Every structure is written in structure tokens, then in C-alpha cells.
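From a predicted model like this one, the values you see are computed outputs, not experimental measurements. Counting starts at 1 for both ligands and their atoms, in listed order. What you see below is based on every heavy atom in this structure, not just the backbone, and it leaves out hydrogens, waters and symmetry mates.
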Amino acid sequence: MIERLLELKVDALNEIKEVTTLNDLEQIRIKYLGKKGEVILMMSKLRDLPQEERPAFGQQVNLVKNELEQALYDKKQGLEYEELLKVLASEKIDVTLPGTKFYQGTIHPLNQVIEDVEDLFIGMGYEVAEGPELENDHYNFEMMNLAKDHPARAMQDSFYVDENTLLRTHTSPVQARTMLAKKGNPLKIICPGKVYRRDDDDPTHSHQFTQIEGLVIDKNINFASLKDALLKMARHLFGEERVIRLRPSYFPFTEPSVEVDVSYKKKDGSIGWIEVLGAGQVHPNVLTMGGYDPEKYQGFAFGIGVERIAILKYAIDDIRHFYLNDLRFLNQFKGVNK
Ligand code: FA5
């Protein structure tokens, strides 16, 4: 039996020496030291030996088992190391290659204008409000004092989804929504957002553009309060050298109403004007529908065209540049406000 055991040991050690993969090494372990491995089975043969031979044989089997375990362990370490070397060689990184370039994004010029205007008005105690772009006719027109057959609806030719639902034509419906939410309490809000109209696209008009609505309702609000807010905004956005002019205008939701133009220098050096916003004192009907008593409360409101502000601020010649996602255009606005 001892000879057979020693033969097994020599065979096993030879096989371990020859093996070249971890998988085959595991097969050898199973063959000799697994549950039904040949060396393990020798242990069960102890019973067949005479009593006096058992201790010596038992000791010998253990020695062989330990020796094989050690040999398997050493070989495993060796093979794992070789495999690691192979992986390292195949995955070698050439640190001299040029790196992958990551482009840093910039804030879109329209969002820069919105953030700038928000900062100014938040500093004056205004809250920022939001409303849906898909709006009910009720909020977009009727609560803005434009009944179903009102001719001024033609001023904002609209994209209807169904008879009562449209893409909002201005941010003014947020006025109505906020008034109802504030339940008759004083309020000061601005609301930036996208609006949609069936306008023809040209250098200063787009069928989708951006507005910032402003609304203040309180006691003792008058036209001077509106003019003060507009002047502060114009000076903040354009500096002292730009001039603004207020032209009498008409909006069904304000009375009196104005349109505000900002001066700019034309290519030939002469002064031109570009309309940037509509504004006025909130019409008593709008106050009443919003839950305010016009005898006690007054308000002013304005709606700014964000693209027009950006056009003036950055001397851009065509509104369509804002929507084309051309990196050559957008990269010029890295941190303009920062
Ligand atoms: C309105 O939209 C009113 N809701 C503004 C308002 C609010 C008045 C509150 C009174 C009180 P208007 O249609 O004029 O008004 O548009 C406001 C601004 O949006 C314009 O001054 C202009 O700067 C911009 N705008 C209008 N149409 C376009 C367009 N097609 N493309 C780009 N900007 C536009």
C-alpha cells in the first residue's frame, strides 16, 4: 500500500509540474485530493490494514496529502502570476498617446439672460413662478380679458391642440394662475418660459421664443412703480448708455399699456430702436377675475422678449442663431455674465 501511495505522489507531482492552466490544475486537485480523489480514497483503506500498521500508514498518507497541497498551492501562485503578466502585457496603456478631449458645456445665452434678470428681480423681493406650456384657452386668453370673440386674439395667432387647449402664446397666463393661488394677497413674481405663436420667422421673430413675465399686485401701485422697475432692468441689462422709450400701446389685460423700445447703434452709425417688452397697469377686469378688489389693489405687469434682450446685449444679427445649436456661436458665450 505504501508503495502505491508513493507512486501516486510521484504521478501527481509530475502532473502538477507539467500543467499549464489553472483549469487543468484544478482537475489534478480533484483527481488526487477531491472527495473521491485517489489519495483521499487511500485513507479509507486504513481499515483493511492490520492494527499495528495503521499509524505509520495514516501518517504517510497525511504527509503525501500535505506535500501535494503545498505543490498545488505553489503551482497555482505561479500560474496566476503568469496570467497577470499576460493581462498586463495585453492591456498596457500608452501614456504618451494624446488624451480624449472633453468639451466643457456653457450656459446658453438665453439662459444667461434669464438668470441675470432673475438675479436682479429676486434681489428686489420677487419670487420666481412657473406655469405649463400647454395651456387652457381660459388662462391664456379669457382670464387675460380676451373673451372668445375678442379681436385682439389675432395679435397672438396660436397653435391650438384642441378647441380649448393651445401652446401658450405668452407667459401672461401665469399671472392668472398665480393670482388665484395667492388668494387675494399681495404678490411680486417673475416667470420665465417658452411661448409659441404662428409668427413668420425672420431676423427678429420666431414661432417659438422666450418671455419673462413680471407681475406686482399690492396697495398703492401706480404707473411710476412700473417705470421704476423697467428702468432698473434696462440699466442693469444694458448699462447707463442705452436709452429706453415708452410708447403708448394696447393690451386687453393692462390699462394704460406701453411698449418699451431700447436704443441700439445701427451698422451705418445711426440710432435704431428695438421693441423688447410690453407692459402696463393690470386691468381692473383681470384683477377681479384673479380674486382682487380693484378698488383696493392695483398692479403692474410686463412681458419681456428674452431673445430681443440677448440680441441687443450681444449684438446678434439674427434670432435664429439661438436655436441652431452651432457650437461656433454658442462657444462665444462662455461665462459672459460671470
Ligand atoms: C405680450 O406677449 C404680452 N403678454 C406682454 C405683456 C405682459 C404686456 C404683461 C403687458 C403686461 P407682445 O406680443 O408684444 O406682448 O410680446 C412681448 C415681447 O415678446 C415683445 O416685446 C417682443 O420682445 C417679444 N416677441 C413677440 N413676438 C415675438 C416673436 N415672434 N419672436 C421673438 N420675440 C417676440
Side-chain angles (χ1 to χ4, degrees), residues 109-110 113-114 117 129 131 135 139-146 150 152-159 166-179 187-217 221 223 225-227 229-230 233-234 237-238 244-262 264 273-287 290 298-313 316 318-323:
L110 296 178
V113 170
I114 290 173
V117 173
E135 190 49 284
Y139 290 111
N140 195 81
F141 288 131
E142 282 176 49
M143 285 207 56
M144 288 291 106
N145 206 24
L146 281 132
H150 199 297
R153 283 192 178 209
M155 286 159 72
Q156 299 187 1
D157 206 357
S158 320
F159 294 110
L166 71 161
L167 290 170
R168 66 178 176 194
T169 55
H170 51 177
T171 41
S172 299
V174 184
Q175 289 191 30
R177 288 177 173 275
T178 312
M179 278 189 249
L187 65 86
K188 275 170 107 173
I189 56 148
I190 53 163
C191 162
K194 294 194 192 86
V195 300
Y196 306 82
R197 287 186 201 173
R198 286 184 50 200
D199 275 346
D200 287 334
D201 291 351
D202 67 27
T204 55
H205 290 83
S206 165
H207 61 281
Q208 182 224 292
F209 58 102
T210 324
Q211 285 189 337
I212 303 175
E213 191 81 6
L215 173 68
V216 173
I217 298 180
I221 295 290
F223 202 83
S225 325
L226 168 65
K227 209 174 155 196
L230 295 179
M233 181 168 61
L237 287 170
F238 304 114
I244 65 167
R245 74 177 182 195
L246 273 59
R247 267 184 297 110
S249 184
Y250 170 76
F251 297 103
F253 31 94
T254 46
E255 180 58 36
S257 305
V258 286
E259 275 174 334
V260 177
D261 303 334
V262 175
Y264 73 100
W273 298 93
I274 182 162
E275 178 202 318
V276 292
L277 62 90
Q281 281 193 264
V282 182
H283 195 287
N285 289 353
V286 174
L287 284 171
Q298 304 81 41
F300 70 75
F302 54 84
I304 313 164
V306 175
E307 282 81 352
R308 301 275 178 90
I309 301 284
I311 283 173
L312 282 165
K313 209 169 149 114
I316 291 160
D318 196 315
I319 197 168
R320 287 164 285 201
H321 288 308
F322 292 119
Y323 317 115

Could you name the option among Pro252, Ser172, Gly214, Ser206 that has the heavy atom nearest to atom 31 (N) of ligand 1? Ser206

Which atoms from ligand 1 have a heavy atom of Thr254 less than 4.0 Å away? 10 (C), 11 (C)

Numbered atoms and elements of ligand 1 in range of Ile319, under 4.0 angstrom, heavy atoms: 32 (C)

Please assess Phe238 against Val262 for the test side-chain contact (heavy atoms from CB on, under 4.5 Å), listing each intermediate value before the final yes or no. CA-CA 9 Å; Phe238 304 114; Val262 175; 3.9 Å; yes

Please could you name the atoms of ligand 1 that Glu275 approaches to less than 4.0 Å, counting only its heavy atoms? 14 (O), 20 (C), 21 (O), 23 (O)

Ignoring hydrogens and angles, state whether a donor on the side chain of Tyr323 or Glu307 is under 3.5 Å from an acceptor on the partner side chain. yes

For atom 22 (C) of ligand 1, what's the nearest protein heavy atom and its distance? Arg308 NH1, 3.4 Å

Is a donor from one side chain sitting under 3.5 angstrom from an acceptor on the other, for His205 and Asp200? no

Residue and atom name of the nearest protein heavy atom (relative to atom 15 (O) of ligand 1), distance in Å to one decimal: Phe251 CE2, 3.3 Å

Options His170, Gln281, Met144, Arg168, ranked by nearest heavy atom to atom 4 (N) of ligand 1, top entry: His170

Residue Val276 vicinity, atoms of ligand 1 by number, heavy atom under 4.0 Å: 21 (O), 23 (O)

For Arg198, is the CZ atom crowded, meaning more than 12 foreign heavy atoms sit under 6.0 Å from it? no

List ligand 1 atoms under 4.0 Å from Gly305, heavy atoms only on the residue side. 18 (C), 19 (O), 23 (O), 24 (C)

Do me a favour and list the nearest non-hydrogen protein atom to atom 6 (C) of ligand 1 with residue, atom name and distance? Gly278 O, 3.5 Å

Using a strict cut-off of 4.0 Å, indicate which atoms of ligand 1 neighbour a heavy atom of Leu277. 21 (O)

Would you say the ring centroid of His170 lies under 6.0 angstrom from that of Phe209? no

Among all protein heavy atoms in this structure, tell me which lies nearest to atom 3 (C) of ligand 1, with the distance rounded to 0.1 Å. Phe253 CZ, 3.7 Å

Using a strict cut-off of 4.0 Å, indicate which atoms of ligand 1 neighbour a heavy atom of Ala301. 9 (C), 11 (C)

Pairing donors with acceptors under 3.5 angstrom, does anything connect the side chains of Thr169 and Asn140? yes

Just need the protein heavy atom nearest to atom 33 (N) of ligand 1, so name the residue and atom and give the distance. Phe209 CD1, 3.3 Å

Salt bridge (charged side-chain N to carboxylate O under 4.0 Å, His left out) between Arg320 and Asp201, worked out: CA-CA 8 Å; Arg320 287 164 285 201; Asp201 291 351; over 6 Å; no

Lys/Arg cation over aromatic Tyr139: Arg177, 6.0 Å, 45° cone: yes

Between Glu213 and Gln175, is there a side-chain donor-acceptor contact under 3.5 Å, judged purely by atom types and distance? yes

For Thr204, is the nearest heavy atom under 4.0 Å from an atom of ligand 1? yes

Should you measure from each heavy atom of Asp199, which atoms of ligand 1 turn up under 4.0 Å away? 27 (N), 29 (C), 30 (N)

Just going by heavy-atom distances, which of Glu255, Arg197, Arg198 is nearest to atom 12 (P) of ligand 1? Arg197

How are the rings of His207 and Phe159 set relative to one another: parallel (under 30°), tilted (30 to 60°) or perpendicular (over 60°)? perpendicular

Just going by heavy-atom distances, which of Glu259, Gln211, Glu307 is nearest to atom 17 (C) of ligand 1? Gln211

Looking only at heavy atoms, which two atoms of His283 and Pro252 are closest? And how far apart? CD2-O, 3.6 Å

Identify the two heavy atoms, one from Tyr196 and one from Gln208, that lie closest to each other, and give their separation to 0.1 Å. CE2-CG, 3.2 Å

Look at ligand 1 and say whether Gln175 reaches it with a heavy atom at a distance under 4.0 Å. yes

